[in-house]
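Just so it is clear, the values below take in all heavy atoms, side chains as well, and ignore hydrogens, waters and symmetry mates. The sequence lines fix the lettering, A, B, ..., with proteins before strands; numbering per chain opens at 1.
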Amino acid sequence: MIHLYLCDDEEEVRRRIEAALEQKILIEDYDMQIRCSTGVPGRLLEQLESDGQNVYFLDVELQDGQWDGFLLGREIRRRDPHGILIYITGYGDLAYRTFQYHLEAFDYIVKTPGRLEASLAGCLEALQERLKTEQRSPVQVYPVRTGSALRYIPLQDILFFETAPRPHHVLLHTVTGRMDFLGSLNEIEAELGGRFLRTHRAYLVALDKIEEIDLKKGTLLAGGMECLISRAARPALLRLARQTAVSEPFRKPPLPFRK
Amino acid sequence: MSDYVLPVWIRFLFTWEDNLLGELILLIYLCPLLGVHPIRRHPGKLLPLFLLAPAMAAANWTAMYLIRGTALVSFLSLLSILGFTFWAVRVWKCTFWQSLSAVCLAGMLQESFSLITARVLGALPFIKELEAVRPDLSLHILWLALPLHFALSLLLGRLWPKGSVLAFLEHTASPRRTALLLLSLTAAFVQLYMIQYGVQPKYLPEYLIVTAVLTILTVVLLFHLMQRELDQRKILVQQDLIAQQQLYEQSLESLRREIRAFRHDQKNLLTAFAGKESGENLLCSLQALEEDFDRRLEEKLHLSAQIGNLRIPQMRSLLLGKLSEMSEKGIACRLEILYPVEQVWMDIWDLVRCLGILLDNALEAALETENPWSEVILLQEEHTFFLRISNPWRGDIDPAKLWTESWSTKGPDRGMGLFIYQNILEKYPEAVSSASWDGHIFVQELTTGELL
């Protein structure tokens, strides 16, 4: 059962949203239920239970003392890191990207008269779709926290972790990005276990991302980037090489951008 | 040692060793000046230095034969400074004059401190005894001074605010004049070094003290000068910023007043029309017009509200300048600052430099695409400051290579930005930066503050 929470301080709009959601759930027979619908952020937080999958519909222009849309979303994120945030706004042009990037908001719904119901229905469909795919093939993720922002990096995207030049900093390399965060390779290694190999004091490499091993130079390539190999890691790497059991395991063609 | 003459090649090796030691000490003093980072990254870059030593030894020997006995011999060490300078230009990616200034400064420290440490070491009783027994070891004993130099250099690195020398060299009005002045100062210290062989033993302590005092005074004076120049520059820039700011605020205020008046008139007109005329079509189209106008006004006000949330004048000025540069070049800009930004947990000038680099990169990359746009988000929370800049890019280079210092596609200036950016962040243990290049959107993020 997926629980929906709704917070909008405009009574009439909230009623309409509630009705639209309930209608869509009924028609499509979704396994969803509205658990809380309120105009007061404090009440939502009181009733919040992060025991299952929750979806929150929050008003961007919420004004209630200490709370506004962003701060409420952030507090919900803090209490329920896996909750899905959907924002409802009166000003389509001004949809705040900060919400999207910092809180990983799932969707924006604009309160256009006459279009609100359709947008809500579409949003629920997209939501159902996403939850379904996640259920079918759960994606393992690695959470990275910087300040109040929490990012989930799918494990399958990670090439390797590397200790950064600055103490306590770790660089996470993926195919499409590079993140710097505070942490230690030892902890990450203990956390992630088998899928990654500590090839060097400063490198923790995803086994399935290794493309090329050059024992003579003491380096390997993952995602086209060079990582170091320590003496201690050689046996494990050789074992891996034998497991992959190709006649010439480490002579993939050089990547195009290497000159 | 005079009893027997060592073979020529051994003596040559000794000269080599002497040079190598000198260069190592110079390197030790150079590192705190320029930052140790590039060397730690690529220790292989040290290799040319070791080649410099035999080259210098050979030059020494040749010079001995050619200009034996003249005072010119003492200036040979300036030759190694030149070699060092070229090496530093490559490793730290600075200009020749910047590099020469830094190397001269380090060379000056090397000359005077190695003079002092060598004499102090020589005065130690057990070393005295050792030298009496094995005079051929006297050169090797000098290696013992290395840890001492290391400690001194660490101390200097602590005392000088990090990066101030580099910042000074970057900002100084005439790098050539600074470099030449420092070079002559170093030449003077080389002479001071040579004088030790002519000083009578009983005056040696005084000589050493004078050397030490001179060195320390010079360093303190230089540092004071650097600080002053930096401060002055900051004041100038600040005045400039304030002027710019006032200009901007005035224009914004007048714009706002004008628009408000216009809207007021228009509304009155509309109501009058609606009362008299039955032409509903006219009313509708007028209303549509007004809505459109409202929306645009809202956007404008939105932007000004966002800018208004940025309470740090230096950043505001930079951002305004860059945003207007972008819109001039046809880049659609979007700025989002939801909450007031008053604190960034970094030196503001450092952050301004970072922001400038990131915005320049975004501008350049966006211009290469068909529909250039750029989006800037700033967010200050209780304990952190977050900055995000995104832009489209062509995706024709491998972003992973961006951070390696040798990377560049369009001349030496490009790609340097990110390197400098990384160097600035080195100073802040709790600043984290991320980049991603999903699809054709390039994103740079920076978070500073109390992250732990």
Enquirer: Are any of the side-chain heavy atoms of Glu426(B) and Pro165(A) separated by less than 4.5 Å?
Expert: yes
Enquirer: Determine whether Leu338(B) and Phe99(A) make a side-chain contact, defined as any pair of heavy atoms from C-beta on separated by less than 4.5 Å.
Expert: yes
Enquirer: Measure the spacing between OG of Ser434(B) and CZ of Arg178(A) and express it to the nearest 0.5 Å.
Expert: 8.5 Å
Enquirer: Glu336(B) and Tyr101(A): side chain to side chain contact (heavy atoms under 4.5 Å, CB included), yes or no, with the steps?
Expert: CA-CA 12 Å; Glu336(B) 204 169 293; Tyr101(A) 302 130; over 6 Å; no
Enquirer: Just checking Arg234(A): does its CZ atom have more than 12 heavy atoms from other residues, nucleotides or ligands closer to it than 6.0 angstrom?
Expert: yes
Enquirer: Under 4.5 Å from any heavy atom of chain B, what part of Arg74(A) do you find: side chain, backbone, both or neither?
Expert: side chain
Enquirer: What residue in Thr448(B), Leu425(B), Thr384(B) has the most heavy-atom pairs under 4.5 Å with chain A?
Expert: Leu425(B)
Enquirer: OG/Ser436(B) to CD1/Ile153(A) distance, rounded to the nearest 0.5 angstrom?
Expert: 9.0 Å
Enquirer: Return the NE2 to OG1 distance between His102(A) and Thr447(B), rounded to the nearest 0.5 Å.
Expert: 7.0 Å
Enquirer: Go through the atoms of His168(A) and report whether side chain, backbone, both or neither lie under 4.5 Å from a heavy atom of chain B.
Expert: neither
Enquirer: Measure distances from Leu71(A) to the heavy atoms of chain B and classify the residue's part below 4.5 Å as side chain, backbone, both or neither.
Expert: both
Enquirer: To the nearest 0.5 angstrom, please state how far the OG1 atom of Thr176(A) sits from the CD1 atom of Ile441(B).
Expert: 11.5 Å
Enquirer: With a 4.5 angstrom heavy-atom cut-off, could you sort out which part of Phe386(B) is near chain A: side chain, backbone, both or neither?
Expert: side chain
Enquirer: Mark yes when over 12 heavy atoms from residues, nucleotides or ligands other than Glu189(A) sit less than 6.0 Å from its CD; otherwise mark no.
Expert: yes
Enquirer: Are more than 12 heavy atoms from other residues, nucleotides or ligands located less than 6.0 Å from atom CZ of Arg311(B)?
Expert: yes
Enquirer: Which atom names give the shortest non-hydrogen contact between Tyr428(B) and Arg166(A), and what distance separates them?
Expert: O-NH1, 2.6 Å
Enquirer: Using every non-hydrogen atom in the two residues, find where Phe70(A) and Leu379(B) come nearest and quote the distance to one decimal.
Expert: CZ-CD2, 3.6 Å
Enquirer: Side chains of Arg97(A) and Arg334(B): closer than 4.5 Å at any heavy-atom pair?
Expert: yes
